[in-house]
Amino acid sequence: MTRSDTRATMRRFTPVFVQLASQFPNCATGAFYYSRFCIYDWPMGFATTAIHSGQDPDQSTGAVTVPIYQTSTYAQDGLGKHKGYEYARTQNPTRSALEQNLAALEGARFGYAFASGMAAIDATLRLVKAGEHVVVSDNTYGGTFRLFTKVLANYNLEFDFVDTSEGLNVEAAIKPNTKMVFVETPTNPVMIVTDLREVAEIAHRAGARVVCDNTFMSPYLQRPLEFGVDIVVHSTTKYLNGHSDGIGGAVLLNNEEDAAWIGFIQNSAGAILSPFDSWLVMRGTKTLALRMEQHDKSGRAVAAFLEEHPKIRKIYYPGSASHPQHALAKRQQHGFGGMVAFDVGSLEAARVVLESVKLCTLAESLGGVETLISHPATMTHASVDIEKRARLGITDGLVRVSVGLEDTDDIIADLDQALNNI
Ligand SMILES: Cc1ncc(COP(=O)(O)O)c(C=O)c1O
């Protein structure tokens, strides 16, 4: 079969794959992605895209891995004559390769890589002007809440935080000056799921853009642009890098005008991702499909174990049948990922667990190969007011686990011995 025969066959069967994927989101992931990606002249699967998009062998040497262009500037042939690269804040080939790679994975036309997830979110908020209003998921990452309420609010940007898992709340919060709805799904750390299609429809009726922080899922498990979301942001620090060895962020989008402004901000404010960190994230995305499969598999096993454990009062995991948005998570995501949170009832009990784990590492962050365990109330969400934390369920007894890639039985054995110390 020639490539064009393959392409024609794939086109014919695309609706079947899409239909299958919507019926069986977890087992039809491969078919779904197979029907979506097309980086050469025939459709590619997710893993192929991750390994090849933006990453052709180096033209001058044939190096199969994109080189780290560790340079601040580029020699020019004459006045106004250059090879498309003038100064490394503006363009860097390693960063461009990553940006192309991440855009392909999210199904976006444009990608921009930033020095951190927060820098990516900050740049995205530059699409909103003084006097305009943003509706935000009320259980968003603490750093996002801090940026919006303690920094951007000083520049006359208006924010309202609502439970975006209820479309009615989003609708009620919309004002004549609302220009953006910013959602995180599932939220950090209590795993509330928002219906992206519903929120996109509400926001678009009001003429507002929708931004989704897709850090917790990664594009392997959730692709917000397919539900009508306009802009995806990531902390690449987490699953996209996946090895806990670099801080970074990304903005992925389709609208040309908004993309031009994000690119302008990236160059003007200069919070760019370095060539080495760009290379590390590209190294990470090459194994994203495999890693996410295993995070998801171990996440399910750890959640099932925790759900039955007598020392646990409550578990927060969208894969659990008892989760209020379990059906939505099954429909919208291609798995549940490796994030699980649970409540052991008090700060003392949480301290016992956090200080008696042996394999799990007590640390902020998530999405790396190693299992990390943390205490949101005093770590990631310390900047959220105490009353708001209580309302959201971020109690002193809440513990969050980022299930890593160690043997599943070892992770469970460690959590078991720590919990039995309570
Ligand atoms: C969901 C989410 N978004 C954004 C960020 C911020 O990313 P970074 O630490 O790379 O600035 C984090 C960090 O933990 C996060 O969990």
Side-chain angles (χ1 to χ4, degrees), residues 98 102 106 112-125 134 136-152 161 164 182-194 196 211-219 221-222 224 229 231-252 266 269 271-274 276-278 280-281 284-285 292 295 316 318 333 336-341 361-368 370 372-384 392 394 398 400-404:
L98 171 69
L102 295 180
E106 281 291 1
Y112 298 92
F114 289 87
S116 68
M118 290 320 305
I121 293 171
D122 184 54
T124 304
L125 266 288
V134 184
V136 191
S137 294
D138 64 354
N139 174 217
T140 192
Y141 167 61
T144 305
F145 178 76
R146 180 175 55 204
L147 174 72
F148 291 1
T149 55
K150 305 256 168 24
V151 182
L152 299 178
F161 294 83
T164 52
F182 187 102
V183 299
E184 211 178 291
T185 180
T187 58
N188 181 1
V190 294
M191 311 301 286
I192 296 165
V193 181
T194 288
L196 291 172
V211 180
C212 176
D213 183 333
N214 199 24
T215 300
F216 261 40
M217 286 284 97
S218 90
L221 295 180
Q222 176 170 273
V229 165
I231 302 174
V232 170
V233 293
H234 276 283
S235 165
T236 63
T237 313
K238 312 298 178 341
Y239 288 108
L240 288 169
N241 172 305
H243 295 73
S244 308
D245 53 14
I247 298 282
V251 181
L252 298 321
Q266 186 193 42
I272 49 163
L273 193 61
S274 76
F276 183 52
D277 285 309
S278 299
L280 284 173
V281 178
T285 61
M292 292 316 295
H295 282 298
Y316 298 88
Q333 304 168 189
F336 304 108
M339 299 304 298
V340 186
T361 305
L362 173 59
E364 297 205 10
S365 203
L366 60 107
E370 55 291 287
L372 300 180
I373 191 160
S374 66
H375 187 243
T378 56
M379 295 166 86
T380 47
H381 289 67
S383 55
V384 178
L392 294 172
I394 308 174
L398 188 74
R400 188 188 80 178
V401 184
S402 167
V403 178

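Throughout, residue positions are numbered sequentially from 1 according to the sequence presented. Atoms within a ligand are numbered from 1 in the order they appear, just like the ligands themselves.
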F182 ring center near F148 ring center (under 6.0 Å):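 Ring-ring flag for F182/F148: true, centres closer than 6.0 Å.
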Using a 3.5 Å distance criterion without hydrogens, assess whether the side chain of [X] forms a donor-acceptor pair with backbone atoms of [Y].
X: T187; Y: I192; result: yes
X: H295; Y: V403; result: yes
X: T185; Y: T194; result: yes

Need the ligand 1 atom indices (1-based, order shown) with element for anything under 4.0 Å from a heavy-atom of [X].
X: S116; result: 10 (O), 11 (O)
X: D213; result: 1 (C), 2 (C), 3 (N), 4 (C)
X: G248; result: 10 (O)
X: E184; result: 1 (C)

Close N or O approach (L366, ligand 1; < 3.5 Å):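 So ligand 1 has no N or O lying under 3.5 Å from an N or O of L366.
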Within-cut-off N or O pair, S235 and ligand 1, under 3.5 Å: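 Indeed, backbone or side chain, S235 has an N or O that close.
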T237, N188, I247: member with heavy atom nearest to atom 10 (O) of ligand 1: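 Among T237, N188, I247, the closest heavy atom to atom 10 (O) of ligand 1 belongs to T237.
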Option from T124, L252, N214 for which side chain to side chain contact (heavy atoms under 4.5 Å, CB included) with V233 holds: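 Option passing the side chain to side chain contact (heavy atoms under 4.5 Å, CB included) with V233: T124.
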For atom 15 (C) of ligand 1, closest protein heavy-atom neighbour: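 Going by distance alone, atom 15 (C) of ligand 1 is nearest to Y141 CG, 3.7 Å.
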Atom 12 (C) of ligand 1: nearest protein contact (heavy atom, Å):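 For atom 12 (C) of ligand 1, the nearest protein heavy atom comes out as K238 NZ, 3.4 Å.
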Side-chain donor-acceptor contact under 3.5 Å, T140 with E184: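 There is such a pair between these side chains.
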S137 and N139: side chain donor to acceptor below 3.5 Å: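 There is no such pair between these side chains.
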